[in-house]
J.: 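Quick one: the structure is below, and I'll ask about it shortly.
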Amino acid sequence: MVEITFATNDGFKVSAPANSNLLRVSIRERGGIPFKCGGGICGTCKCHIVAGLENTDALKGKEKKHLSTEEIEQGYRMACQTFVNGNITVEW
């Protein structure tokens with residue numbers, strides 16, 4: 001199990017199985033990450049991984065369409081495209 005902390009949602013913490021999709025966990029556990037499409041098209045679920053970026057999977061092509069080089073370097077991801085393999089803290 002991994003621990004996901006939703007910093008923007010008053011530090012709300014949940015546990016989820018490794019390799020869980022960040023947006024799906026947020027929806028299921030009421031983490032609060034905003035979203036519209038859930039499929040990498042709209043970019044609404046852009047979020048900042050403030051701790052544990054190394055515990056996420058590789059950046060996807062769909063994310064590169066919505067995130068600038070600077071945002072990627074700062075640890076921004078799209079929650080719908082991100083799978084978590086260790087503890088992270090996320091804000092939006």
Side-chain angles (χ1 to χ4, degrees):
M1 298 294 280
V2 300
E3 184 175 88
I4 300 172
T5 303
F6 297 96
T8 307
N9 190 0
D10 294 325
F12 179 60
K13 294 182 181 186
V14 300
S15 293
N19 203 34
S20 289
N21 177 272
L22 180 56
L23 181 60
R24 298 288 173 238
V25 172
S26 177
I27 292 168
R28 183 176 62 245
E29 303 292 340
R30 297 188 176 102
I33 296 175
F35 72 98
K36 287 186 181 174
C37 75
I41 297 169
C42 72
T44 303
C45 65
K46 178 171 72 172
C47 57
H48 184 210
I49 309 297
V50 295
L53 182 62
E54 68 278 5
N55 294 326
T56 61
D57 65 337
L59 199 71
K60 316 275 188 323
K62 290 181 179 181
E63 292 178 279
K64 293 176 183 177
K65 292 180 181 179
H66 293 284
L67 302 172
S68 69
T69 301
E70 295 79 21
E71 288 173 325
I72 292 168
E73 290 170 357
Q74 293 169 6
Y76 282 85
R77 297 290 304 266
M78 289 175 53
C80 70
Q81 299 297 301
T82 303
F83 289 81
V84 181
N85 294 301
N87 298 346
I88 67 165
T89 299
V90 59
E91 66 184 15
W92 55 93

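Values in this document were obtained by computation on a predicted structure and should not be read as measured data.
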J.: Give a yes or no answer on whether the side chain of Asp10 reaches the backbone of Phe12 with a donor-acceptor pair at less than 3.5 Å.
T.: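 Side chain of Asp10 to backbone of Phe12, a donor-acceptor pair under 3.5 Å: no, none is there.
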J.: Please assess Met78 against His66 for the test side chain to side chain contact (heavy atoms under 4.5 Å, CB included), listing each intermediate value before the final yes or no.
T.: CA-CA 8 Å; Met78 289 175 53; His66 293 284; 3.5 Å; yes
J.: Below 4.5 Å, heavy atoms only, C-beta onward: do Arg30 and Asn9 meet side chain to side chain?
T.: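 A side-chain contact under 4.5 Å is absent here.
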J.: Do Glu91 and Cys47 have side chains that get closer than 4.5 Å, going by heavy atoms?
T.: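 When only atoms from C-beta onward are counted, Cys47 and Glu91 do not touch, as no gap falls below 4.5 Å.
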J.: Which pair of heavy atoms, one from Cys42 and one from Cys37, lies closest together, and at what distance?
T.: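 Scanning both residues, the minimum pair turns out to be N-SG, 3.4 Å.
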J.: List the steps, then state whether side chain to side chain contact (heavy atoms under 4.5 Å, CB included) holds for Val84 with Val25.
T.: CA-CA 10 Å; Val84 181; Val25 172; over 6 Å; no
J.: Might you point out which heavy atoms bring Asn21 and Gln81 nearest each other, and give the distance in Å?
T.: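 The pair with the smallest heavy-atom distance is ND2-N, 4.2 Å.
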J.: Could you state the interatomic distance from OG1 (Thr56) to CD1 (Ile49), rounded to the nearest 0.5 Å?
T.: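 Here the rounded value is 6.0 Å.
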J.: I would like to know whether Arg77 and Leu53 meet side chain to side chain contact (heavy atoms under 4.5 Å, CB included); could you show each step before the answer?
T.: CA-CA 9 Å; Arg77 297 290 304 266; Leu53 182 62; 4.2 Å; yes
J.: Locate the shortest heavy-atom distance separating Cys45 from Cys80; write the atom from each residue and the value.
T.: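 Between these two residues, the closest heavy atoms are SG-N, 3.3 Å.
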J.: Can you name the closest pair of heavy atoms from Ile4 and Leu22 and give their distance?
T.: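 In this case the closest contact between Ile4 and Leu22 is CG2-CD1, 3.9 Å.
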J.: Roughly how far apart are Ser20 OG and Arg28 CZ, rounded to 0.5 Å?
T.: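 Here the interatomic distance stands at 6.0 Å.
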J.: If hydrophobic clusters are built from ILVMFWY residues whose side chains come within less than 4.5 Å, do Val2 and Val50 share one?
T.: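 Per the 4.5 Å side-chain linkage, Val2 and Val50 are not co-clustered.
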J.: Could you check Ile88, Val90, Thr89 and say which one makes a side-chain contact (heavy atoms from CB on, under 4.5 Å) with Phe6?
T.: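 Testing Phe6 for a side-chain contact (heavy atoms from CB on, under 4.5 Å) against Ile88, Val90, Thr89 leaves exactly one candidate, Val90.
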J.: Linking I/L/V/M/F/W/Y whenever their side-chain heavy atoms sit closer than 4.5 Å, directly or via other members, would Ile33 and Val14 fall into one cluster?
T.: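 Looking at the clustering, Val14 is in the same group as Ile33.
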J.: Going from CG on Asn55 to CG on Asn85, what distance comes out if it is rounded to the nearest 0.5 angstrom?
T.: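 Spacing of CG (Asn55) from CG (Asn85) equals 7.5 Å.
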J.: With sequence neighbours left out, what residues match Tyr76 under ring pair (Phe, Tyr, Trp, His ring centres under 6.0 Å)?
T.: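 Tyr76: ring pair (Phe, Tyr, Trp, His ring centres under 6.0 Å) contacts with His48.
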J.: How long is the span from the CZ atom in Arg24 to the CZ atom in Phe35, to the nearest 0.5 Å?
T.: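 Separation between the atoms: 7.5 Å.
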J.: Once you round to the nearest 0.5 Å, how far does NZ of Lys64 lie from CD1 of Ile72?
T.: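 Taking NZ in Lys64 and CD1 in Ile72, the distance rounds to 7.0 Å.
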J.: Of the non-hydrogen atoms in Ser26 and Gly32, which two are nearest, and what is the gap between them?
T.: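 Closest approach of Ser26 to Gly32: OG-N, 3.2 Å.
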J.: Could you tell me the separation between the OG1 atom of Thr5 and the NZ atom of Lys13, rounded to the nearest 0.5 Å?
T.: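 Going from the OG1 atom of Thr5 to the NZ atom of Lys13 covers 4.5 Å.
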J.: Any idea which heavy atoms bring Trp92 and Lys46 closest together, and the distance?
T.: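 Nearest pair, atom of Trp92 first, then Lys46: CB-O, 4.0 Å.
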